[in-house]
Amino acid sequence: MTERKPLGVTFESWIDKQIREATERGEFENLRGAGKPIPNSVDDENWWLKSYLRGEGVRADGLLPPSLILRRDIEDLPELVRDMASEREVRETISELNQRIVDWLRMPHGPYVRVGPVNTEEVVAQWRSDRTAARRSKQPKMTTPSPHSASSAAEPSWWQRITRRRSTRQA
């Protein structure tokens with residue numbers, strides 16, 4: 001229980017005394033959020049929801065309007081399909097996204113953002129080309145030695161020749 005304010009002492013000086021004594025005891029050290037600004041939540045009516053989502057580590061996608069979510073999903077589509085194993089899986093993902101886009105276009109709500117269905121064939125073609133490029137980069141390169149490579153291994157490079165000359169001159 002906190003001690004009561006003595007008579008004849010102003011609240012301000014009494015509170016200052018308690019803060020000074022608590023600081024001397026070290027009660028304000030290692031507090032959570034130390035050195036961080038106090039969040040200004042007066043202007044935002046959903047401050048509590050945003051702080052809860054931030055504390056839980058959840059993305060706030062549920063707060064975005066559907067048109068913005070669709071636009072972001074279209075932009076993230078190449079990254080999403082890049083690691084997929086089969087063309088069927090890629091086509092199903094694109095089909096599901098296109099279905100969500102068509103549903104929104106039939107009954108748009110929220111801010112209007114220009115969104116249109118994704119061209120399935122373009123995305124699949126890009127997925128195929130990325131896949132073949134990844135396969136080529138993983139394969140070890142088979143090189144045949146050129147006739148000049150054997151002689152160049154025996155000859156020192158121009159830099160080695162210069163440094164040798166300098167070292168022999170200094171000796």
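Since we're looking at a predicted model, the values are computed, not measured. The analysis underlying the following values was restricted to heavy atoms, covering all of them including side chains, and did not include hydrogens, waters or symmetry mates.
Minimum heavy-atom separation, Asn98 to Val118: OD1-N, 2.6 Å. Pairing each heavy atom of Phe28 with each of Ala22, the nearest pair is CE1-CB, 3.7 Å. The minimum heavy-atom distance between Ile101 and Pro117, with the atom names listed, is CG2-N, 3.8 Å. Considering all non-hydrogen atoms of both residues, Ala85 and Glu89 come closest at N-OE1, 3.5 Å. Heavy atoms only, all atoms of each residue included: Leu70 and Trp104 are closest at CD1-CB, 3.5 Å. Counting all heavy atoms, side chain and backbone alike, Met84 lies closest to Arg131 at O-NH1, 3.4 Å.
Under the side chain to side chain contact (heavy atoms under 4.5 Å, CB included) criterion, Glu121 pairs with Arg91, Asn119, sequence neighbours left out. Residues passing the side-chain hydrogen bond (donor to acceptor under 3.5 Å, both in side chains) test with Gln126, sequence neighbours excluded: Asp130.
With contacts defined as side-chain heavy-atom distances shorter than 4.5 Å, the pair Leu77/Thr93 qualifies. Residues Tyr112 and Ser67 form no side-chain contact, since every pair of their non-hydrogen atoms from C-beta on lies 4.5 Å or further apart. Side-chain contact between Gln99 and Glu96 is absent, with no heavy atoms from C-beta onward closer than 4.5 Å.
Grouping the Ile, Leu, Val, Met, Phe, Trp and Tyr side chains by contacts below 4.5 angstrom, directly or via other members, places Met107 apart from Val102. Under the 4.5 Å side-chain heavy-atom criterion for ILVMFWY residues, a single connected hydrophobic cluster contains both Val115 and Leu68.
Summarising the local packing, CZ of Arg20 is surrounded by more than 12 heavy atoms from other residues, nucleotides or ligands at distances under 6.0 Å. In Tyr52, the OH atom is not crowded: 12 or fewer heavy atoms of neighbouring residues, nucleotides or ligands sit closer than 6.0 Å.
Within the 3.5 Å criterion, the main-chain N or O of Val90 finds no donor-acceptor partner in the side chain of Trp127.
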